[in-house]
Amino acid sequence: AQKITQTQPGMFVQEKEAVTLDCTYDTSDQSYGLFWYKQPSSGEMIFLIYQGSYDEQNATEGRYSLNFQKARKSANLVISASQLGDSAMYFCAMREGRVGNKLTFGGGTRVLVKP
Amino acid sequence: DTGVSQDPRHKITKRGQNVTFRCDPISEHNRLYWYRQTLGQGPEFLTYFQNEAQLEKSRLLSDRFSAERPKGSFSTLEIQRTEQGDSAMYLCASSDIPGGTGKDEQYFGPGTRLTVT
């Protein structure tokens, strides 16, 4: 089974609107971390937001928020007030077990922000 | 505060040749990771180090691949007898474990794009 599933290969969003990127995960570990990264066309992977499995509050970082539903094993990224610079690939990733272990990535969602 | 750097940024080689890539992590970071990313896919884990110790290698990593981090600072990834299937972006990342934030986010370098002809 896929450990990280991103079901939306591509999305269009109007500038200034919000967009939700879906991510579901599969793990039997109690301790894990969930991450979102942005990869613009230039290629670098940019860390956006982190959610720990024991965190009770949903993570927020500026215009990014993570909708964490543990029972459903989902960790959706919400980008509010989209900007043209948000056009990029977005990857959901999971770290299982101890802090510092490797990341497992999903297949990504391409977002294109329209003016 | 410099980020993760990788060298070279691009490498074109002929099948059968050996190539070596270098990664310099963020200076205070003790963990260093290598990933490979093919076009249209998410990165796949290859191996990682805690200081100079190699803690885990992916089963995807054939014996043609070797990685070192001899002094716990920079790391090299060598591919021997390259094949066309090795063409990919090779990404290096580092993290500070344990860090003060309680998070273990990994910071990525710009990658080395390998093309095997």
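These figures come from a predicted structure and were not determined experimentally. Throughout, a chain's letter reflects where its sequence line sits, starting with A, and its residues are numbered from 1.
Salt bridge annotation for B:D24-B:R22: present, with a cationic side-chain nitrogen under 4.0 angstrom from a carboxylate oxygen. Ion pairing between a basic and an acidic side chain is recognised when a charged N comes within 4.0 Å of a carboxylate O; A:R63 and A:D86 show such pairing. Salt-bridge formation is not detected for the pair B:D96/B:R31: no Lys NZ or Arg NE/NH1/NH2 atom is positioned less than 4.0 Å from an Asp or Glu carboxylate oxygen.
Here the shortest heavy-atom pairing between B:Y33 and B:S95 reads OH-OG, 3.0 Å.
The candidate from B:S58, B:P43, B:P110, B:G111 with the greatest count of non-hydrogen atom pairs under 4.5 Å with chain A is B:P43.
Only the side chain of A:Q39 comes within contact range of chain B, with heavy atoms under 4.5 Å apart. In this structure, chain A has no heavy atom under 4.5 Å from any part of B:L55. Using a 4.5 Å cut-off between heavy atoms, A:N101 contacts chain B through both its backbone and its side chain. Neither the backbone nor the side chain of B:Q50 has a heavy atom closer than 4.5 Å to any heavy atom of chain A. With a threshold of 4.5 angstrom between heavy atoms, B:Q41 approaches chain A through N, CA, C or O but not through any side-chain atom.
For the atom pair A:T24 OG1 and A:R72 CZ, the distance stands at 12.0 Å (nearest 0.5 Å).
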